Enquirer: 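I am attaching a structure below and will ask some questions about it afterwards.
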Protein chains: 2
Amino acid sequence: MEKKNAEIVIIEDEEDILELLEYHLAKEGYDVTGFLSTENVERFMEEESPALLIVDRNLPGVEGSEFVASMREIGYDTPVIFLTAKDKDSELEEGFKRGGDDYLTKPFNTKELLLRIEALLRRSGVKQSEKLRYRDIILDNQARELYVDKKKVDLTNLEYKLLYTFVKNSHQTLQRDFLRDEVWGDDSDHFHDKTINVAINRLKKKIDPSGEKGYFVPIWGVGYKLG
Amino acid sequence: MEKKNAEIVIIEDEEDILELLEYHLAKEGYDVTGFLSTENVERFMEEESPALLIVDRNLPGVEGSEFVASMREIGYDTPVIFLTAKDKDSELEEGFKRGGDDYLTKPFNTKELLLRIEALLRRSGVKQSEKLRYRDIILDNQARELYVDKKKVDLTNLEYKLLYTFVKNSHQTLQRDFLRDEVWGDDSDHFHDKTINVAINRLKKKIDPSGEKGYFVPIWGVGYKLG
DNA sequence: TGCTTTCGTAACAATTTTGTAATCAATTTG
DNA sequence: CAAATTGATTACAAAATTGTTACGAAAGCA
């Protein structure tokens with residue numbers, strides 16, 4: 001239930017339905033962004049390139065399937081699931097013709113929607129990036145990016161490797177020797193005593209400037225552990 | 001009608017439904033083969049590799065979804081649409097979990113089935129959209145052309161391959177080694193340190209002369225990523 | 001052949017990262 | 001409690017990495 005994190009966009013003008021959908025999909029582990037109209041969606045797609053669109057047909061302003069057709073025209077191939085209150089043949093046909101991949105009629109079964117999402121993502125070949133988590137820390141190892149409390153934080157390579165080592169071994173106390181081997185790979189004798197301290201200090205400042213979260217707990221005379 | 005002639009296999013034990021389906025699909029131009037049970041289907045698939053399976057869940061002998069699951073296990077990725085008389089949540093879930101792509105409950109609308117077939121063939125079709133995009137960059141891989149902000153930009157072969165590699169892996173950090181393999185294909189030891197830097201530098205100047213867009217973000221000690 | 005384009009190499013500049021050292025603070029030990 | 005040991009913090013400079021520019025060899029083209 002935790003390793004889905006594909007990015008999904010929902011366009012739905014009825015706020016309570018939108019909220020409900022966001023809740024259910026987020027619970028499944030998807031990374032959901034909701035919109036009340038098609039406005040701003042194109043810009044968002046440029047920036048984020050989501051894996052799937054869930055689009056209400058009946059939107060204010062631009063009609064849902066029109067929006068999808070226009071996205072298709074400018075080259076987007078993102079999978080689309082349409083939602084609709086209506087159930088007319090002509091509507092259905094229009095939805096598919098304009099580039100929809102699936103179609104659900106309201107009121108729909110949430111379980112079914114989730115299954116259809118999964119099937120469509122599988123068929124369209126979405127690669128799930130593996131992410132490591134610890135508390136509010138998310139390490140995306142493919143993008144080599146760190147998010148703390150949903151906010152992106154830039155790290156240097158050394159800092160990244162260091163944090164990665166801790167998160168990967170989050171249940172253990174990491175001894176100084178182990179960290180030296182794992183992060184620095186330095187077998188020379190010229191490894192300064194305080195190098196690790198300084199590195200951890202810098203890392204702490206970046207991921208928790210106020211110092212209130214206490215990610216790193218020093219184990220006196222041994223090393224550190226996450227806490 | 002048109003010339004669709006994709007090969008479709010239908011497995012359905014109720015003969016009149018099977019005939020009806022065969023009739024409608026053939027009329028649309030598909031090349032249809034019907035089976036009354038899962039028997040012999042595997043051998044047929046080996047010989048013909050159809051583009052789509054339409055499978056009744058409720059078959060004599062082997063259950064439809066079981067058959068699909070076993071096909072998936074031995075490596076077949078053919079798209080599947082399940083048909084069923086039942087409408088239970090658990091059935092639905094089982095169907096998708098075992099590798100179904102779509103699910104229709106009898107009695108179904110023929111028009112809808114045809115539309116869903118088309119959508120599924122489109123999505124699973126080998127011919128993917130030949131356009132890759134990232135922000136305001138569009139790579140038309142068929143024409144081997146680049147558009148930045150709707151304006152055409154000429155690239156050299158090397159530059160194109162480089163940019164293509166980045167856009168294709170737009171949410172990953174690309175390590176220098178990976179770029180060397182992917183773009184230069186050079187496994188020699190004589191690969192100069194700065195070759196990548198200079199190539200990226202040239203590419204940057206072409207697609208973003210003013211340097212304000214910051215397409216390429218160096219990841220210190222690792223490589224680059226799009227940003 | 002002669003012209004043009006492409007692209008690797010080299011040199012140097014600019015930038016970022018990271019180790020070191022010095023000092024201060026905290027913890028343990030006797 | 002005092003001494004000793006270890007960790008935290010800070011500032012600085014060396015080291016490592018990337019950016020930029022120019023040159024010329026190689027490849028493509030007329």
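As the structure is a computational prediction, the values presented were derived from the model and not from experiment. What you see below is based on every heavy atom in this structure, not just the backbone, and it leaves out hydrogens, waters and symmetry mates. Lettering of chains follows the sequences in order, A, B, ..., and the numbering in each one begins at 1.
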Enquirer: For Tyr134(A), check ring-ring contact (aromatic ring centres under 6.0 Å, His included) against everything at least two apart and list the hits.
Expert: none
Enquirer: Check ring-ring contact (aromatic ring centres under 6.0 Å, His included) between Phe216(A) and all other residues, then give those that pass, not counting sequence neighbours.
Expert: Phe166(A)
Enquirer: Sorted by first residue and then second, give each ring pair (Phe, Tyr, Trp, His ring centres under 6.0 Å) pair with at least one member in residues 143-165 of chain A; sequence neighbours left out.
Expert: none
Enquirer: For Lys194(B) and dT17(D), give me the distance from atom NZ to atom C1', rounded to whole Å.
Expert: 7 Å
Enquirer: Considering only NZ, NE, NH1 and NH2 on the basic side and carboxylate oxygens on the acidic side, decide whether Lys97(B) and Glu118(A) come within less than 4.0 Å.
Expert: yes
Enquirer: With the threshold set at 4.0 Å, does a side-chain nitrogen-carboxylate oxygen contact exist between Lys206(A) and Asp154(A)?
Expert: no
Enquirer: Out of Lys150(A), Lys151(A), Lys213(A), which residue meets the salt bridge (Lys or Arg N to Asp or Glu O under 4.0 Å) rule with Asp136(A)?
Expert: Lys213(A)
Enquirer: Can you give each donor-acceptor pair under 3.5 Å made by side-chain atoms of residues 49-62 of chain A, sequence neighbours left out, with the distance rounded to 0.1 Å?
Expert:
from: Asp56(A); atom 1: OD1; to: Asn58(A); atom 2: N; distance (Å): 3.4
from: Arg57(A); atom 1: NE; to: Glu63(A); atom 2: OE2; distance (Å): 2.9
from: Arg57(A); atom 1: NH1; to: Glu91(A); atom 2: O; distance (Å): 2.6
from: Arg57(A); atom 1: NH1; to: Tyr103(A); atom 2: OH; distance (Å): 3.4
from: Arg57(A); atom 1: NH2; to: Glu63(A); atom 2: OE1; distance (Å): 3.0
from: Arg57(A); atom 1: NH2; to: Glu63(A); atom 2: OE2; distance (Å): 3.3
from: Arg57(A); atom 1: NH2; to: Glu91(A); atom 2: OE1; distance (Å): 3.3
from: Arg57(A); atom 1: NH2; to: Glu94(A); atom 2: OE1; distance (Å): 2.7

Enquirer: Listed in order of residue number, which residues of residues 163-179 of chain A have a non-hydrogen atom at under 4.0 Å from DNA chain D?
Expert: Arg176(A)
Enquirer: Who passes side chain to side chain donor-acceptor pair (under 3.5 Å) against Arg135(A), sequence neighbours left out?
Expert: none
Enquirer: Near DNA chain C, under 4.0 Å by heavy atom, which residues of residues 196-227 of chain A?
Expert: Val198(A), Arg202(A), Trp220(A)
Enquirer: Return the 5'-most residue of the pair Thr195(B), Asp193(A) with respect to DNA chain C, ranking by each residue's nearest nucleotide.
Expert: Thr195(B)
Enquirer: By ring-ring contact (aromatic ring centres under 6.0 Å, His included), which residues pair with Tyr224(B), not counting sequence neighbours?
Expert: none
Enquirer: Can you confirm whether Leu115(A) sits close enough to Glu93(B) that some side-chain heavy atom of one is under 4.5 Å from a side-chain heavy atom of the other?
Expert: yes
Enquirer: Decide whether Ser65(B) and Arg98(B) meet the rule of one side-chain donor and one side-chain acceptor closer than 3.5 Å.
Expert: yes
Enquirer: In degrees, rounded to 10°, what is the bend between the two ends of the helix from dT1(C)-dA30(D) to dG30(C)-dC1(D), using five pairs at each?
Expert: 40°
Enquirer: Which residue pairs pass the salt bridge (charged side-chain N to carboxylate O under 4.0 Å, His left out) test with at least one member in residues 217-227 of chain B, sequence neighbours excluded?
Expert: Glu145(A)-Lys225(B)
Enquirer: Could you pull out all residues at least two apart from Phe44(A) that satisfy ring-ring contact (aromatic ring centres under 6.0 Å, His included)?
Expert: Phe35(A)
Enquirer: Please list, in 5' to 3' order, the outermost nucleotides of DNA chain C lying under 4.0 Å from any heavy atom of chain A.
Expert: dT17(C) to dT28(C)
